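This report concerns only the one structure given below.
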Amino acid sequence: SAVISQKPSRDICQRGTSLTIQCQVDSQVTMMFWYRQQPGQSLTLIATANQGSEATYESGFVIDKFPISRPNLTFSTLTVSNMSPEDSSIYLCSVEWEGKLFFGSGTQLSVL
Amino acid sequence: GENVEQHPSTLSVQEGDSAVIKCTYSDSASNYFPWYKQELGKRPQLIIDIRSNVGEKKDQRIAVTLNKTAKHFSLHITETQPEDSAVYFCAASTSGGSYIPTFGRGTSLIVHP
């Protein structure tokens, strides 16, 4: 399987600030995704990170709030902008590898 | 779009018992059904998956069954152990093209020693 490194693993942030989460894969992958997992909840897709073009966002998520970069086939970032306590969650990057979905270790974000 | 229902939300068993988690899906075009295990504070890990061309797949104590006609699939864990305690997620997707699975809401499995 692909090895996915995600950082930071956790952070505590102040309301109104922004946090950028990085995701690095050890192999070139076509499909990279960003998920949110609120406490005790399932996995909700935020967006598909497209290499060389704008990300594709799911209903309820917008680029101004969650800008995403995908400069190459092994790296992506997700920024959580102008944070509020409601953004406190686990954010996970994931990749499709040989037809299967694998997840990074996640970023646990707490917003005060 | 696809809708995946998962039951039960919580399952408590004694060590050595079997555990069964059931999922239903709505999109008849779905043909790939993975299961993930998420231990507390860790990433979801793919534990087993099944494609629509088979009805059952086994891997040691874990098995998955699929009924395409009824649009439901199940995870079976035999001889449960305390380390099986985790949240399990089912998912459904259409492989090929833009692969985006839809996840169930999860089942918290507790195995009592």
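Only a predicted model underlies this, so the values are computations on that prediction, with no experimental measurement involved. Proteins get letters first, then strands, A, B, ... in listed order; numbering begins at 1 in each.
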Taking atom CZ of A:Arg10 as the centre, does the number of heavy atoms from other residues, nucleotides or ligands within less than 6.0 Å exceed 12? no

Flag if over 12 foreign heavy atoms under 6.0 Å of CD1, B:Ile110: yes

Calculate, to the nearest 0.5 Å, the distance between atoms CD and OG belonging to A:Glu96 and B:Ser93 respectively. 8.5 Å

Which atom of A:Ser42 lies closest to which atom of B:Gly104, heavy atoms considered: OG-O, 2.5 Å

Pick one of side chain, backbone, both or neither for A:Leu92, based on which atoms fall under 4.5 Å of a heavy atom in chain B. side chain

Does B:Lys22, at its NZ atom, have more than 12 non-hydrogen atoms belonging to other residues, nucleotides or ligands within less than 6.0 Å? no

Student check: side-chain heavy atoms of B:Gln38 and A:Gln37 closer than 4.5 Å: yes

Hydrophobic clustering (ILVMFWY, side-chain heavy atoms < 4.5 Å, transitive) - are B:Ile77 and B:Val64 grouped together? yes

Residues A:Ile4 and B:Arg43: closest non-hydrogen pair is O-NH1, 3.7 Å

Considering only heavy atoms, which portion of A:Thr48 lies under 4.5 Å from any heavy atom of chain B: side chain, backbone, both, or neither? side chain

Is it the case that more than 12 heavy atoms not belonging to B:Gln14 sit under 6.0 Å from its CD atom? yes

Any B:Phe103 side-chain heavy atom under 4.5 Å of A:Leu101 side chain: yes

Within the structure provided, determine whether A:Phe103 and B:Gln45 are in side-chain contact (heavy-atom separation under 4.5 Å). no

Say you draw a straight line from OG of A:Ser94 to CD1 of B:Ile100; how long is it, rounded to the nearest 0.5 Å? 9.5 Å

